[in-house]
Number of protein chains: 2
Amino acid sequence: MERFKIGELTIEAGRTILMQGAQSPQFYTVLRGQGLRHKTLENGRRQVISFVLPGDLVGLQAVVTGEMQHSVEASVETTLCVFDRAGLWDLFSNQPKRSYSLTWLSAVEENFLGETLATLGQRDASQRIAWALVRLHERLSALGMARSGRVPLPWRQQDLADAVGLSLVHTNKTLARLRESGLADWSGGGLSLPGRRELAEMAGIDLEYPTQRPLL
Amino acid sequence: MERFKIGELTIEAGRTILMQGAQSPQFYTVLRGQGLRHKTLENGRRQVISFVLPGDLVGLQAVVTGEMQHSVEASVETTLCVFDRAGLWDLFSNQPKRSYSLTWLSAVEENFLGETLATLGQRDASQRIAWALVRLHERLSALGMARSGRVPLPWRQQDLADAVGLSLVHTNKTLARLRESGLADWSGGGLSLPGRRELAEMAGIDLEYPTQRPLL
DNA sequence: CGCTTCTTTGACCCTTATCAATGGCTGTGG
DNA sequence: CCACAGCCATTGATAAGGGTCAAAGAAGCG
């Protein structure tokens, strides 16, 4: 793999990694950090497509499609592993295992987007929030980023709102309700879920589903 | 490619191709026909993930992830090209070009899901409907399935409603408004868009974006 | 020709968006 | 060290978009 790796890149918090509309000669893998993908519509509204965590692939779209259809930004300082567009072809030619992993990642991501779609399309406000919190907590825990049940959640309420398709105000009020009922505590950039089970049930999530991801 | 192709499979209208929760030793490519992917939630509600058209890949998810997270059904008689799970590995080992196409397809699909997400999250009812109609018309036309501007749309209003996250009733009323204003005419299983430009503008779609797809 | 499935329409109301302010925290400069 | 600016969270009031319910047409089908 080292052969295809050009180098590492560290991006400071708040900076854009890839811009919607941009072409990119490179794509990345996240080594450390957290970020988000988002898309800006013509009407000025913003949709957060997904939250980006270590192990995620970023920018393959631009390499393959020619142009990014969404932006990716770092929410905290983030370190990326850089690969070259040209290397991608080498990869497919000489590293069937690795290219398979790549497709694997794509398929899992696609799968997750399908679930997100179902959430936006068919669940009400509290279910959406519960769903997002449980999934985030789950993924971050699986990455070993939990410290006594608390995982880092460096995003703003506005980001979550844009992710689940709710207004900031309503997101805030829904979060407040969850906090009061002792199910979820998101504060100071950290999240813990004392009522993980209840939240999962509320959102209609099957907890026994450990969606694994391969590393490149 | 023929080496990996096991055979062809024809499914009659209304039948399920792949069931949510099922494992599948095969995956498919659509040769002819139309269908839809949908996901059923615990609360009984249904989300249509996407509409399936010729050239689409179906069931790669089950091969890669182990289990389908959504169902796929044929809306009209549909012919599939069948590939074997084992063949997939051969493909990656010996056909870099083809495996690249596979990833390509995945990436494009992922991209499209992102746009769908933005639609459900950030657009109102008429924008969603307009978006869906324009996109469907666009893809079907690109596939050469248009006859004097009219493309086959064999789905029910309920399917469209479940795709864009609206109720059947509201979808119906929104469609009625579009019909009265002469922008779109969906009837008798066919769709024509006299007001394609206006609809695209209403939905905030960039029409100059011909999302191409490779064939396997 | 009766049955089922799908579309259409009207009435009512609930969830969520929007608007508008206030409060809290942090960093910066005087 | 305090005042001020900026960003984000919080809260209340009001309104609207879309959901739900219910029932009546249409249309395909055995």
Side-chain angles (χ1 to χ4, degrees), chain A residues 12-15 36 41 43-48 73 75-76 119-133 153-181 184-191 202-203, chain B residues 12-15 36 41 43-48 73 75-77 119-133 152-181 184-191 202-203:
Chain A
E12 58 181 317
R15 293 266 177 244
L36 49 79
L41 302 191
N43 58 23
R45 306 191 52 147
R46 185 184 80 140
Q47 173 70 35
V48 169
E73 64 174 64
S75 304
V76 299
T119 297
L120 295 216
Q122 311 300 333
R123 299 200 237 247
D124 67 21
S126 34
Q127 293 178 319
R128 293 188 206 186
I129 301 285
W131 174 85
L133 294 184
L153 221 69
W155 297 286
R156 299 167 304 158
Q157 293 188 357
Q158 181 72 65
D159 295 323
L160 178 59
D162 288 346
V164 297
L166 294 172
S167 71
L168 169 62
V169 173
H170 201 64
T171 298
N172 178 287
K173 289 175 180 169
T174 305
L175 280 170
R177 240 173 290 126
L178 291 182
R179 193 178 315 124
E180 282 157 22
S181 57
D185 171 44
W186 177 19
S187 58
L191 169 72
M202 173 186 304
Chain B
E12 57 181 316
R15 293 264 177 246
L36 49 80
L41 302 192
N43 58 22
R45 306 189 53 148
R46 185 184 79 141
Q47 174 69 36
V48 169
E73 64 175 64
S75 304
V76 298
E77 183 178 287
T119 298
L120 296 216
Q122 310 300 334
R123 299 199 237 247
D124 68 21
S126 35
Q127 293 177 319
R128 293 189 205 186
I129 301 285
W131 174 84
L133 294 184
L153 220 69
W155 297 286
R156 297 168 304 158
Q157 293 189 358
Q158 181 72 65
D159 296 322
L160 178 58
D162 288 346
V164 297
L166 294 172
S167 72
L168 170 60
V169 173
H170 200 65
T171 299
N172 177 286
K173 289 174 180 169
T174 306
L175 281 169
R177 238 172 292 124
L178 291 182
R179 194 178 314 124
E180 282 156 23
S181 57
D185 171 43
W186 177 19
S187 57
L191 170 72
M202 174 186 304

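Sequence lines set the chain letters: A, B, ... in the order given, protein chains first and strands last, and positions in each chain run from 1.
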- Query: How does protein reach along nucleotides 23-30 of chain D, written 5' to 3' as B (base within reach of a heavy atom under 4.0 Å), S (only sugar-phosphate), or - (no contact)?
  - Reply: --------

- Would you kindly give the CG-to-C1' distance between L168(B) and dT5(C), to the nearest whole Å? 12 Å

- In whole angstroms, the gap separating P of dC6(C) from CG of L160(B) amounts to 15 Å

- Query: W186(B) side chain to L175(B) main-chain N or O, any donor-acceptor pair under 3.5 Å?
  - Reply: no

- Message: Any base atoms under 4.0 Å from R177(B), or only sugar-phosphate, or nothing? Heavy atoms, all strands.
- Response: nothing

- Item | Closest non-hydrogen atom pair between P154(A) and V76(A), with its separation | CB-CG1, 3.5 Å

What protein N or O atoms touch nucleotides 9-16 of chain C N or O atoms at under 3.5 angstrom, if any, and at what distances?
residue: dG10(C); atom: N7; partner: K173(B); partner atom: NZ; Å: 3.1
residue: dT16(C); atom: OP1; partner: A125(A); partner atom: N; Å: 2.9

- Message: Strictly distance-based, threshold 3.5 Å: is any side-chain N or O of R128(B) a donor or acceptor partner for the main-chain N or O of R123(B)?
- Response: yes

- Query: dT10(D) P sits how many Å from R156(A) CZ, rounded?
  - Reply: 14 Å

- Task: For L175(B) and dG18(D), give me the distance from atom CG to atom P, rounded to whole Å.
- Result: 14 Å

- Query: Once you round it to whole Å, what is the distance between C1' of dA17(C) and CD of Q122(B)?
  - Reply: 12 Å

- Message: For a quick test of reading the model, state the closest non-hydrogen atom pair linking W155(A) to S75(A) and the distance between them.
- Response: NE1-OG, 2.8 Å

- Rounded to whole angstroms, how far apart are CH2 on W186(B) and C1' on dC6(C)? 11 Å

- Quick one: pull up OG in S126(B) and NZ in K173(B) and give me the separation to the nearest 0.5 Å. 14.5 Å

- Message: I'd like to know if R46(B) and D159(B) make a salt bridge, using a cut-off of under 4.0 Å between side-chain N and carboxylate O.
- Response: yes

- Taking the side chain from Q47(B) and the backbone from D162(B), do they hold a donor-acceptor pair closer than 3.5 Å? yes

- Query: Say you draw a straight line from CG of D185(A) to CG of L133(A); how long is it, rounded to the nearest 0.5 Å?
  - Reply: 10.5 Å

- Verify the contact: side-chain N or O of Q157(B) to OP1 or OP2 of dT8(C), cut-off strictly under 4.0 Å; return yes or no. yes

- Message: Need the bend value for the helix from dC1(C)-dG30(D) to dG30(C)-dC1(D): angle between end axes, 5 pairs each end, nearest 10°.
- Response: 30°

- Note on the structure: Rounded to the nearest 0.5 angstrom, the CG-CD distance for L166(A) and Q157(A) is 12.0 Å

- Would you kindly give the CG-to-P distance between D185(B) and dT7(C), to the nearest whole Å? 14 Å

- Message: Looking at Q127(B) and D124(B), would you say the former's side chain and the latter's main chain have a donor-acceptor pair under 3.5 Å?
- Response: yes

- Query: Starting at CG of L153(B) and ending at P of dT7(C), how long is that distance when rounded to a whole Å?
  - Reply: 11 Å

- Query: G121(B) and R45(A): which non-hydrogen atoms are nearest, and at how many Å?
  - Reply: O-NH2, 4.5 Å

